[in-house]
2 protein chains.
Amino acid sequence: MHERIVDLLKKNHLSITESRKKILSHFFDANGALAHADIEQKSGTEFDRVTIYRTLQTFVEKGIIHTIPTTDNSVRYALCKDECSAGHHHDDHVHFMCDECGTTYCLDHVTVPKVALPDGFKAMQNDLVVSGLCNKCS
Amino acid sequence: MHERIVDLLKKNHLSITESRKKILSHFFDANGALAHADIEQKSGTEFDRVTIYRTLQTFVEKGIIHTIPTTDNSVRYALCKDECSAGHHHDDHVHFMCDECGTTYCLDHVTVPKVALPDGFKAMQNDLVVSGLCNKCS
DNA sequence: ATATATTTTGCAACAATGTTGCATTGTTAT
DNA sequence: ATAACAATGCAACATTGTTGCAAAATATAT
């Protein structure tokens with residue numbers, strides 16, 4: 001697992017640093033998505049707040065993680081599947097937010113159905129945000 | 001139009017105040033969704049920042065407007081259709097965010113397709129966020 | 001292995017966004 | 001008109017996110 005993290009960083013031409021390794025491992029350990037605050041909590045005072053912001057930003061740019069649109073408008077991040085392309089990734093996601101425990105799941109195996117848009121609208125990316133009760137809370 | 005605003009406030013057992021009328025009229029005038037900053041800009045120094053926050057909060061609670069999950073994680077609000085029920089509203093929305101001009105549209109007439117969730121997951125609300133180019137920018 | 005170039009980090013300062021308590025003002029009901 | 005109630009403005013504060021720059025860590029070339 002640790003090797004996989006280093007490989008992932010190398011593949012994306014990123015310097016192998018403690019903060020990047022640790023933050024990335026938190027994503028591998030987590031079953032759901034993580035918010036900035038979650039990572040800050042897990043890391044303690046190990047890294048500066050700014051470092052976490054910049055690391056997350058870098059990971060998003062490289063397509064290692066992606067941001068999740070949420071109904072409560074908190075910023076959350078989740079690991080991308082290998083197929084996620086960097087930058088303007090045209091890939092669709094289904095996310096599930098539990099109203100009870102707040103956990104956010106990235107449902108990779110569910111495909112987003114295409115919808116018919118009004119004339120002149122061109123869809124580049126589709127994100128479906130489903131909220132309700134997760135399998136642990138129902 | 002102005003009558004409709006007063007009626008809407010009365011129907012929701014809210015006091016008829018200048019700020020509520022003005023803020024609500026901004027939503028009726030806007031073709032897209034509004035962020036807190038948009039309203040602050042449109043209102044100038046007429047109302048306190050806190051009043052705008054509280055007004056938006058009240059409108060959301062009453063089901064007059066709803067928050068929109070966005071890919072860039074900025075908080076946006078849009079008018080609910082009449083069918084929107086207050087509180088835990090089980091109603092689905094399709095929103096379109098233009099990557100070019102940033103305008104967010106609430107596509108009321110497009111229905112959100114139901115997706116199959118893993119066992120134990122119960123969907124209460126579905127929000128589909130489509131991003132790309134709107135009819136003015138394509 | 002060492003020196004150099006490059007990248008990343010931490011710190012400080014700042015900007016933006018959102019929240020809370022309380023006295024004052026405005027709205028509603030009697 | 002008056003009393004009861006609700007909403008507003010102000011001030012102070014908490015949280016979240018951003019930027020510039022010197023110091024430290026990492027990568028590259030010798």
Side-chain angles (χ1 to χ4, degrees), chain A residues 2-3 5-26 33-62 64-65 67-77 86 102 104, chain B residues 2-3 5-26 33-62 64-65 67-77 86 102 104:
Chain A
H2 211 264
E3 282 309 301
I5 286 174
V6 171
D7 287 348
L8 194 48
L9 290 173
K10 274 187 185 165
K11 202 173 70 183
N12 286 285
H13 310 291
L14 293 173
S15 301
I16 317 293
T17 66
E18 274 309 303
S19 49
R20 285 178 181 160
K21 282 191 286 184
K22 283 269 177 63
I23 292 174
L24 204 41
S25 74
H26 286 145
L34 297 176
H36 173 96
D38 296 327
I39 295 163
E40 207 171 332
Q41 218 178 328
K42 284 175 193 290
S43 305
T45 55
E46 202 174 353
F47 314 115
D48 194 83
R49 223 160 44 84
V50 180
T51 300
I52 299 175
Y53 277 115
R54 289 198 265 229
T55 303
L56 290 173
Q57 211 169 286
T58 303
F59 285 173
V60 170
E61 278 161 15
K62 294 292 185 178
I64 298 172
I65 60 175
T67 60
I68 299 180
T70 60
T71 42
D72 67 347
N73 282 290
S74 59
V75 189
R76 288 173 194 236
Y77 304 87
T104 303
Chain B
H2 210 263
E3 280 312 300
I5 287 174
V6 171
D7 287 350
L8 193 50
L9 291 172
K10 274 188 186 164
K11 203 173 70 183
N12 286 286
H13 309 290
L14 293 173
S15 301
I16 316 293
T17 66
E18 274 309 302
S19 50
R20 284 178 182 162
K21 282 190 287 184
K22 282 270 176 67
I23 292 175
L24 204 40
S25 73
H26 287 146
L34 297 176
H36 173 97
D38 296 327
I39 295 162
E40 206 171 333
Q41 218 178 329
K42 284 176 193 291
S43 305
T45 56
E46 203 174 352
F47 315 115
D48 195 83
R49 224 160 44 86
V50 179
T51 301
I52 299 176
Y53 277 114
R54 288 198 265 229
T55 303
L56 290 172
Q57 209 170 288
T58 304
F59 286 172
V60 170
E61 277 162 13
K62 294 293 185 178
I64 298 172
I65 60 176
T67 60
I68 299 181
T70 60
T71 41
D72 66 348
N73 281 291
S74 59
V75 189
R76 289 174 192 233
Y77 303 87
T104 304

Figure out the [atom1]/[atom2] separation between [X] and [N], and round it to whole Å.
X: A:Asp48; N: C:dA13; atom1: CG; atom2: P; value: 14 Å
X: A:Asn12; N: D:dA27; atom1: CG; atom2: C1'; value: 17 Å
X: A:Phe47; N: D:dA25; atom1: CZ; atom2: P; value: 13 Å
X: B:Tyr53; N: D:dC10; atom1: OH; atom2: C1'; value: 16 Å
X: B:Leu14; N: C:dT27; atom1: CG; atom2: P; value: 14 Å
X: B:Glu18; N: C:dT28; atom1: CD; atom2: P; value: 11 Å
X: A:Ile23; N: C:dT8; atom1: CD1; atom2: P; value: 13 Å
X: B:Leu56; N: C:dT19; atom1: CG; atom2: P; value: 11 Å

Proximity to the side chain of [X] - top-ranked nucleotide from [options]:
X: A:Arg49; options: D:dT19, D:dA7, D:dG17; answer: D:dG17
X: B:Thr17; options: C:dT9, C:dT27, D:dA27; answer: C:dT27
X: B:Ser19; options: C:dT27, D:dA27, D:dT8; answer: D:dT8
X: B:Arg54; options: D:dT19, D:dG17, C:dT20; answer: C:dT20

Judged by each residue's nearest nucleotide on DNA chain D, which is more toward the 5′ side, A:Gln57 or B:Glu46?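 First, find each residue's nearest nucleotide; the 5'-ward one identifies B:Glu46.
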Of the non-hydrogen atoms in [X] and [Y], which two are nearest, and what is the gap between them?
X: B:Glu40; Y: B:Ile52; answer: CA-CD1, 3.8 Å
X: B:Tyr77; Y: B:Ile68; answer: C-CD1, 4.5 Å
X: B:His36; Y: B:Leu56; answer: ND1-CD1, 4.0 Å

Does B:Thr51 put a side-chain nitrogen or oxygen below 4.0 Å from OP1 or OP2 of D:dG9?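 Result: yes.
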Please work out if A:Glu40 contacts a base, only the sugar-phosphate, or nothing of the nucleic acid, heavy-atom cut-off 4.0 Å.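 It contacts nothing in the nucleic acid.
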Could you tell me if B:Thr104 and B:Arg76 have a donor-acceptor pair between their side chains, going purely by distance under 3.5 Å?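 On atom types as modelled, these side chains qualify, holding a pair under 3.5 Å.
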Can you spot which of B:Ile39, B:Ile65, B:Ile23 makes a side chain to side chain contact (heavy atoms under 4.5 Å, CB included) with B:Leu34?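 Single pass found, and it is B:Ile39.
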